[in-house]
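In the text below, chain A, chain B and the rest are named by the order of the sequence lines, each starting its count at 1.
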Amino acid sequence: MGNALAMRLVTWNINSLRLRLPHLETLASTLRPDVICLQETKVPDPLFPAEALRALGYEHLHYKGMKSYNGVAILSRYPLTPLDRLPDWHGKEDCRHVGALVHTPGAPVELHDFYVPAGGDEPDVTINPKFAHKLAFVEEVTAWFKNRTRERTILVGDFNIAPLEHDVWSHKQLLKIVSHTPPEIERLTAWQNVGFVDAMRHFVPAHEKLYTWWSYRNRDWKTSNRGRRLDHVWVTPDLVPSLSTMTVLRDARDWTSPSDHVPVAVDFTL
DNA sequence: ATGGTTGCCGTGCAA
């Protein structure tokens, strides 16, 4: 970005960092983000392609990954101070959260990158432990943020919950589908109400459809357009005046061998 | 109501 006191932030569930490294290069050269938060990197730390990312201009890297599943990463042109001592959510070492102070040309901002559990297919905690895990994860994260100072903080990631009626293609048909059920939405809303503002909906009114994910299982994602907004950018209220633009990079869903999620970019004047 | 596809790997599992 031209403005020295600005930051372009992208969040993207890349669904395998190593497979889609060429797409990340495209993203880096076209949007030129200052900071990129990735989810589902699916790469153990010793195999993380750090050199390739540094070559793209992301000198500062903070990541936590494992074999085959999950994995999150922050790539930054600005120096990072990783937040160590983040909780081990739900007693699992499953690489769903990293955080760092980002030393922008303005004052530092605290950035959290989350990959919330998808929760399986059955929205019933008594028969589906993955759904129970998802609800418990959000509850634990909510309780943790209640005890922190909540200023100059940004939360992004694949939250795997589409909370608003127009965050899904059919509110009525998805009410019993994991990602849009009332217990998930209640918990996500409680988390947000700890002290965050939905930055995407700051730009796009609640009555307009807004999606970031289209299933692989639709032959023609664009025609059927059965999308959901699973990816989010939240900011503390003090950062709302610094929100400048927001872009959902819908075109990325048509890239060769795409992720099922598309990148979301937000520009700040910090 | 069901099945649809993808990535990880080398089989089913998770999404």
Side-chain angles (χ1 to χ4, degrees), chain A residues 11-24 26-27 37-49 52 63-73 89-97 113-125 127-138 156-163 167-170 172-181 183-185 187-188 211-232 249-264:
Chain A
T11 179
W12 187 24
N13 180 323
I14 193 169
N15 187 17
S16 174
L17 171 56
R18 285 175 293 176
L19 185 69
R20 273 179 262 283
L21 205 46
H23 289 336
L24 192 61
T26 303
L27 179 70
C37 291
L38 300 173
Q39 305 87 35
E40 284 207 88
T41 55
K42 296 185 176 178
V43 57
D45 291 347
L47 298 177
F48 192 85
Y63 47 88
K64 197 190 295 184
M66 59 193 276
K67 196 171 128 176
S68 298
Y69 303 110
N70 313 333
V72 281
W89 305 113
H90 211 60
K92 292 171 180 265
E93 301 261 349
D94 61 356
C95 308
R96 296 179 179 278
H97 178 205
D113 180 13
F114 278 98
Y115 175 53
V116 174
D121 289 330
E122 206 57 56
D124 180 347
V125 295
I127 58 171
N128 176 10
K130 284 185 277 196
F131 192 67
H133 176 211
K134 181 179 198 174
L135 298 185
F137 184 98
V138 175
V156 305
D158 176 3
F159 294 0
N160 266 314
I161 299 171
D167 290 338
V168 294
W169 62 276
S170 168
K172 197 175 170 179
Q173 290 181 76
L174 287 173
L175 269 171
K176 291 179 178 168
I177 303 298
V178 171
S179 73
H180 194 62
T181 67
E184 293 168 89
I185 293 170
R187 282 162 182 81
L188 190 77
Y211 312 141
T212 63
W213 173 90
W214 291 262
S215 173
Y216 284 129
R217 300 179 193 182
N218 283 317
R219 185 158 295 279
D220 186 340
W221 73 275
K222 203 182 278 179
T223 302
S224 58
N225 197 24
R226 296 185 165 190
R228 304 178 203 170
R229 184 170 70 114
L230 302 180
D231 302 277
H232 296 268
L249 205 68
R250 222 166 162 273
D251 292 354
R253 191 61 181 77
D254 265 339
W255 289 346
T256 309
S257 189
S259 169
D260 45 356
H261 296 252
V262 299
V264 177

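When rounded to the nearest whole Å, the span between CD of A:E122 and C1' of B:dA1 equals 14 Å. Atom pair A:I14:CD1 and B:dT6:C1' shows a separation of 15 Å (rounding to whole Å applied). Spacing between atom CG of A:N218 and atom P of B:dT5 amounts to 10 Å, rounded to whole angstrom units. At whole-Å resolution of the value, CE in A:M66 and P in B:dG7 are 19 Å apart.
No contact: A:S215 has no heavy atom under 4.0 Å from any strand. Nucleic acid contact class of A:R226 (heavy atoms, under 4.0 Å, all strands): none.
B:dA1 and B:dG12 have their P atoms separated by 30 Å, with the value rounded to a whole Å. Distance noted for atom P between B:dC9 and B:dA14: 15 Å (whole Å). To the nearest whole angstrom, the two P atoms, one in B:dG3 and one in B:dG7, are 22 Å apart.
The closest donor-acceptor contact from the side chain of A:H180 to the backbone of A:Q173 lies at 3.5 Å or more, if one exists at all. Panel note: side chain A:T212, backbone A:D231; a donor-acceptor pair is recorded below 3.5 Å. Looking only at distances, a side-chain donor or acceptor of A:R20 sits under 3.5 Å from a matching main-chain atom of A:N15. Proximity of a side-chain donor or acceptor of A:K134 to a complementary backbone N or O of A:A118 within less than 3.5 Å is detected.
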Between the protein and nucleotides 13-15 of chain B, which nitrogen or oxygen pairs are less than 3.5 angstrom apart?
residue: B:dA14; atom: OP2; partner: A:K130; partner atom: NZ; Å: 3.4
residue: B:dA15; atom: N6; partner: A:R217; partner atom: NH2; Å: 2.4
residue: B:dA15; atom: N1; partner: A:R217; partner atom: NH2; Å: 2.9

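Between A:S257 and the phosphate of B:dT5, there is no side-chain N or O to OP1/OP2 separation shorter than 4.0 Å.
The ring pair (Phe, Tyr, Trp, His ring centres under 6.0 Å) test applied to A:Y63 returns A:F48, not counting sequence neighbours. Applying the ring pair (Phe, Tyr, Trp, His ring centres under 6.0 Å) test to A:H97 and every residue at least two apart in sequence or in another chain returns A:W89, A:H112, A:F114.
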